[in-house]
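Reviewing the structure listed below.
We count ligands from 1, going down the list as the structure has it; atoms in each ligand are counted the same way.
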Amino acid sequence: MSSTAQIGVTGLAVMGSNLARNFARNGFTVAVHNRTAAKTRALVAEHGDEGTFVAAESAKEFVDALERPRRLIVMVKAGEPTDAVIDEFAPLLEPGDVIIDGGNAHFEDTRRRERQLRERGIHFVGVGISGGEEGALLGPSIMPGGSAESYASLGPLLEKIAAKAADGTPCTSHIGPDGAGHFVKMVHNGIEYADMQLIAEAYHLLRDVAGYSPARIAETFRAWNRGRLDSYLIEITAEVLAHTDAATGRPFVDVVADAAEQKGTGRWTVQIALDLGVPVSGIAEAVFARSVSGHAALRAASAELAGPRATPLSGAEADAFAAQVEQALYASKIVSYTQGFHQIRAGSEQYEWGVDPGAVAALWRGGCIIRAAFLDRIKAAYDARPDLPSLLSDAGFAGEIAAAQDDWRAVLVAAVRQGIPVPAFAASLAYYDALRAERLPAALTQGQRDFFGAHTYRRTDREGSFHTLWSGDRSEVSTD
Ligand code: 6PG
């Protein structure tokens, strides 16, 4: 077999085959391989006319089909299956070749694999790919990590198949070394969870407090999508809410079980944020909200718990409330992205990746699940001030929250009064208020820690650390 393929894809489930087709449609010769050869044959039989595929039945054939340095994308389940594929292919490769993992791998696994393969001269590139099945085919947002050298060989191909932002820029760029790409994809998913939960809370309020029907809420989301909330998730929310179940004629949203599932990337975001000491409270509440929804036994056992029942508004009052919900949703959304970008900065510092937050915002503008018009503004904020400590320090975003906050608070008051759970809205507002508080009660926490554990405290008026002799004469000693 002659080595003519510029790229190879192994693992031809939907994401893998759509990615392979995307490369082929963009003029690349693509070697395709799957553990069971029937899938490879089916792909070529069904889509062979979209471009040039080289069907490889064995690992050796696959590797031989690739031009050097070889670039092969692994599209299998994250975890052990990825290690198994690497173990199978690495012995067949040569120094300079590039293995690309396009799955949702944990970035620590990517760091380990990169280190191990680097010893053998093989580049390992963990690539976050977002956009679901359709994105993989028509243009995803792509977040590649790995060495700068590997990006030099891989980047031009990724730029060709990636989604393009409205200004024509490809939605991909080199994020940083080793696990940086998968880390940024993980945070993308954390923000995805928060965005989805905030939208769900807005829906709940519109339904139970404004008294809107699903169809009316779909209309409302459509209108919001023409404004500053313009985003893929708002757009598809309107589609889902407008959908009628064919079997019952009822709104689709009323016949689906209200227990949300998760594959785990949102949970990773929160776990890593805890390790890094980054407060991603909105994202965490979104993960917990899915968890609460899935605890059927707990919920059934608590069905008799006392509390208010929502009394829906009507007419102009309902519409005025809906307008307030839009403000609350937008303000909370700014907080989620603020928290996510904080985590990216913290990860980048911890692992010395040098991630450019403006570039991340830029490549999330198209193709990915959290694509949103306001990412243009986040990009502009970081481009103007790459060292921006927080998105909330940007005058534009701070001004928008200042304008939204009365409504944001009013929505939370209504939710609390009427007994509607809005954990992500509430956590976002609490985060905002914590950042703006002149004094936090953490001083008291420090006093308690010092009382029961002699954990010491710092003072506002002097340098150093101190301990009060709580069980003695309560005099203070310097512990430096
Ligand atoms: C994307 C998505 C995707 C994610 C799934 C499922 O960017 O295309 O983030 O990668 O894994 O949408 O996520 P959950 O099952 O965890 O909701």
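Proximity of Arg290 to ligand 1, defined as any heavy-atom pair under 4.0 Å, is confined to the side chain (atoms from C-beta onward).
Within the structure, the closest approach of Lys185 to ligand 1 falls below 4.0 Å when heavy atoms are considered. In this structure, Gly132 is part of the shell of residues with a heavy atom less than 4.0 angstrom from ligand 1. Taking 4.0 Å as the cut-off, Gly131 counts as a neighbour of ligand 1 on heavy-atom distance.
For the residue pair Asn22 / Asn26, a side-chain donor-acceptor distance below 3.5 Å is found, with atom types taken as modelled. For the residue pair Ser153/Ser150, the side-chain donor-acceptor check at 3.5 Å is not satisfied. With no hydrogens or angles considered, no side-chain donor-acceptor pair links Gln339 and His342 at under 3.5 Å. Asn104 and Lys263 share no side-chain donor-acceptor pair at under 3.5 Å.
When Leu138, Leu43, Val9 are each tested for a side-chain contact (heavy atoms from CB on, under 4.5 Å) with Arg21, only one passes: Leu43.
In this structure, Tyr151 and His174 have parallel ring planes: the angle between them is below the 30° cut-off, well short of the 60° mark.
Arg377 and Glu400 are joined by a salt bridge, as a carboxylate oxygen and a charged side-chain nitrogen come within less than 4.0 angstrom of each other. With salt bridges taken as basic N to acidic carboxylate O contacts below 4.0 Å, none links Arg216 and Glu219.
Counting protein heavy atoms only, atom 6 (C) of ligand 1 is closest to Lys263 NZ, 3.5 Å. Scanning the protein heavy atoms around atom 12 (O) of ligand 1, the nearest turns out to be Glu192 OE2, 3.5 Å. In this structure, atom 11 (O) of ligand 1 lies nearest to the protein heavy atom Asn104 ND2, 3.0 Å. The protein heavy atom nearest to atom 7 (O) of ligand 1 is Ser130 OG, 2.4 Å.
Residue Ile369 has at least one heavy-atom neighbour below 4.0 Å for each of these atoms of ligand 1: 1 (C), 2 (C), 7 (O), 8 (O). Below 4.0 Å from some heavy atom of His188 lie the following atoms of ligand 1, by number and element: 7 (O). Interface of Asn189 with ligand 1, defined as ligand atoms under 4.0 Å from a residue heavy atom, comprises 4 (C), 7 (O), 9 (O), 10 (O), 11 (O).
Not counting sequence neighbours, Tyr232 has no partner by the ring pair (Phe, Tyr, Trp, His ring centres under 6.0 Å) test.
For ligand 1, the polar-atom distance check against Glu261 finds no nitrogen or oxygen pair separated by under 3.5 Å. Residue Tyr193 has at least one N or O atom closer than 3.5 Å to an N or O atom of ligand 1.
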